[in-house]
Amino acid sequence: MMTFEGKVAAITGAGSGIGRALALGLASKGCSVCVSDINEAELAETVALLAPYNVKVRSDPLDVTDRNAVESLAASVVDQFGKVDFVFNNAGVALIDRVETVSYDDFEWLMNINFWGMVYGSKAFLPYFQQQGQGRIINVSSLFGLVAVPGQSAYNASKFAIRGFTDAMGQELKGTGIYATSVHPGGIKTNIVKNARFINPGSKHIQKSDMETRFAKMARTTADQAADVILKAVTRKKKRVLIGGDARFLDVVQRLMPEKYPEFLSFVLK
Ligand SMILES: NC(=O)c1ccc[n+]([C@@H]2O[C@H](COP(=O)([O-])OP(=O)(O)OC[C@H]3O[C@@H](n4cnc5c(N)ncnc54)[C@H](O)[C@@H]3O)[C@@H](O)[C@H]2O)c1
């Protein structure tokens, strides 16, 4: 089975949550890591946490919506390390609003990060993987890339799109030694809700702080557990990874009741 020892991984959104846990998990397995994030202070904390590991660590402030910056980073990583084995397109944000009220500014903010950031990361690293004849592109979608919920149309659109893009790319790459993986976490205890834009949830009684409290109760999987599942799936060349009992259960519900699942989901989410 493939191991991470002596490999090189680039991880976006590594200043917090799943991205940070991936960086630490990879480093603990002997993989050099190139961590990047738009939030420089949190990125510095990740770098400090990586200090005990005996691997090379590279850290770059990076906004994944800046296509040139993503392309330069990929080139510079290969220049410095002589190769790259994995890219984890993980950076992402959430937005709670309804279709009739969501502003194009907010919608584009989210799509630029979640969707275009993932496309830029995939396309920037792909030529190097092709030159090497091997590589892995791991794109972090969501349970909400499998089921849709009211108030999250923009997030759903971005995460369904990641799944479609990654599945199509994986099929194009068949036989090349390059694999694409679409990752679908359920609720993971991270800063995703804290960092979300929360505009108009459709109820006057729900505030962002209530949502944070609710999410903290609902999200049962830790970022470390999520990273562990992702890294195991990468070694097994899995095309799709579901993380957490909630994601696995709701995936089945959605398959069994493709039209009725929203009623079930709204009951569960109450
Ligand atoms: N936490 C969950 O329940 C959950 C569930 C499903 C999917 N996800 C996905 O997992 C991924 C990681 O999220 P998380 O839960 O760890 O959240 P998080 O908020 O803890 O971490 C996200 C990181 O992305 C960074 N980021 C935001 N905008 C960026 C940009 N423009 N450029 C570069 N970095 C940027 C943030 O600074 C942050 O460090 C996201 O794609 C998210 O949509 C999370």
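Treat the numbers as computed from the prediction; the structure is a model and nothing was measured. Both counts, for ligands and for their atoms, begin at 1 and track the order of listing. Along the sequence shown, residues carry numbers from 1. Basis for what follows: all heavy atoms, side chains included, without hydrogens, waters or symmetry-related copies.
Distances below 4.0 Å separate heavy atoms of Ser142 from the following atoms of ligand 1: 6 (C), 7 (C). Annotation for ligand 1: atoms under 4.0 Å from non-hydrogen atoms of Tyr155 are 6 (C), 7 (C), 8 (N), 9 (C), 42 (C), 43 (O). Those atoms of ligand 1 with a heavy atom of Asn195 less than 4.0 angstrom away are 19 (O). Residue Asn39 has at least one heavy-atom neighbour below 4.0 Å for each of these atoms of ligand 1: 37 (O). The contact set between ligand 1 and Gly17, taken as ligand atoms under 4.0 Å from a residue heavy atom, comprises 16 (O), 20 (O). Those atoms of ligand 1 that come under 4.0 Å of a heavy atom in Ser141, given as number and element, are 7 (C), 9 (C). Residue Gly187 has at least one heavy-atom neighbour below 4.0 Å for each of these atoms of ligand 1: 3 (O). The distance from ligand 1 to the heavy atoms of Ile113 drops below 4.0 Å at these ligand atoms: 28 (N), 31 (N).
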TODO: Could you give me the CA-CA distance, side-chain angles and deciding distance for Arg248 and Asp246, then say whether salt bridge (charged side-chain N to carboxylate O under 4.0 Å, His left out) is met?
DONE: CA-CA 6 Å; Arg248 289 192 298 274; Asp246 48 357; over 6 Å; no
- [ ] Report the C-alpha separation of Asn90 and Thr12 in whole Å, then their side-chain angles, then the decisive distance to 0.1 Å, and conclude whether the side-chain hydrogen bond (donor to acceptor under 3.5 Å, both in side chains) test is met.
- [x] CA-CA 5 Å; Asn90 162 77; Thr12 67; 5.3 Å; no
- [ ] Under the side-chain hydrogen bond (donor to acceptor under 3.5 Å, both in side chains) rule, what do Asn114 and Ser158 come out as? Steps first, then yes or no, please.
- [x] CA-CA 6 Å; Asn114 291 9; Ser158 72; 3.2 Å; yes
Task: Check against ring-ring contact (aromatic ring centres under 6.0 Å, His included), Phe129 and Tyr179 - done: CA-CA 10 Å; Phe129 293 150; Tyr179 298 89; over 10 Å; no
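Checked against a 3.5 angstrom limit, the closest N/O atoms of Phe215 and ligand 1 fall outside it. In terms of polar-atom proximity, defined here as any N/O pair under 3.5 Å, Thr65 makes no such contact with ligand 1.
In terms of heavy-atom proximity, Asp106 sits nearest to Ser103 at N-OG, 3.0 Å. Between Ala247 and Gly186 the shortest heavy-atom distance is CB-N, 3.7 Å.
Of the protein's non-hydrogen atoms, the one nearest atom 17 (O) of ligand 1 is Thr190 OG1, 3.5 Å. Looking only at heavy atoms of the protein, atom 26 (N) of ligand 1 is closest to Ile38 CG2, 3.9 Å. Among protein heavy atoms, atom 16 (O) of ligand 1 sits closest to Ile18 N, 2.8 Å. Counting protein heavy atoms only, atom 31 (N) of ligand 1 is closest to Asp63 OD1, 2.9 Å. In terms of protein heavy-atom proximity, atom 27 (C) of ligand 1 is nearest to Val93 CG1, 3.8 Å. Atom 13 (O) of ligand 1 has Ile192 CD1, 3.9 Å as its closest protein atom, hydrogens excluded (heavy atom only). In terms of protein heavy-atom proximity, atom 37 (O) of ligand 1 is nearest to Asp37 OD1, 2.6 Å. From the protein, the heavy atom lying nearest to atom 11 (C) of ligand 1 is Asn90 O, 3.1 Å.
Exactly one of Ser122, Ser182, Ser141 qualifies for a side chain to side chain contact (heavy atoms under 4.5 Å, CB included) with Thr166. That residue is Ser182.
Contacts of Lys159 with ligand 1, taken as heavy-atom pairs under 4.0 Å, involve the side chain alone. When non-hydrogen atoms are compared, ligand 1 lies under 4.0 Å from neither the backbone nor the side chain of Ala94.
One finds a salt bridge joining Asp228 and Lys232 here, because a Lys/Arg side-chain nitrogen approaches an Asp/Glu carboxylate oxygen to under 4.0 Å. Taking 4.0 Å as the cut-off between side-chain N and carboxylate O, Asp37 and Arg20 do not count as a salt-bridged pair. A salt bridge links Lys83 with Asp85; the closest basic N to acidic carboxylate O contact falls under 4.0 Å.
Between Leu110 atom CG and Asp105 atom CG the span is 12.5 Å, to the nearest 0.5 Å.
Aromatic ring orientation, Phe4 versus Phe86: tilted (interplanar angle from 30° to 60°).
Using a 3.5 Å distance cut-off with no hydrogens or angles, the side chains of Ser142 and Arg163 do not pair a donor with an acceptor.
The heavy atom nearest to atom 33 (C) of ligand 1, considering only Thr221, Thr12, Leu62, Asn112, is found in Leu62.
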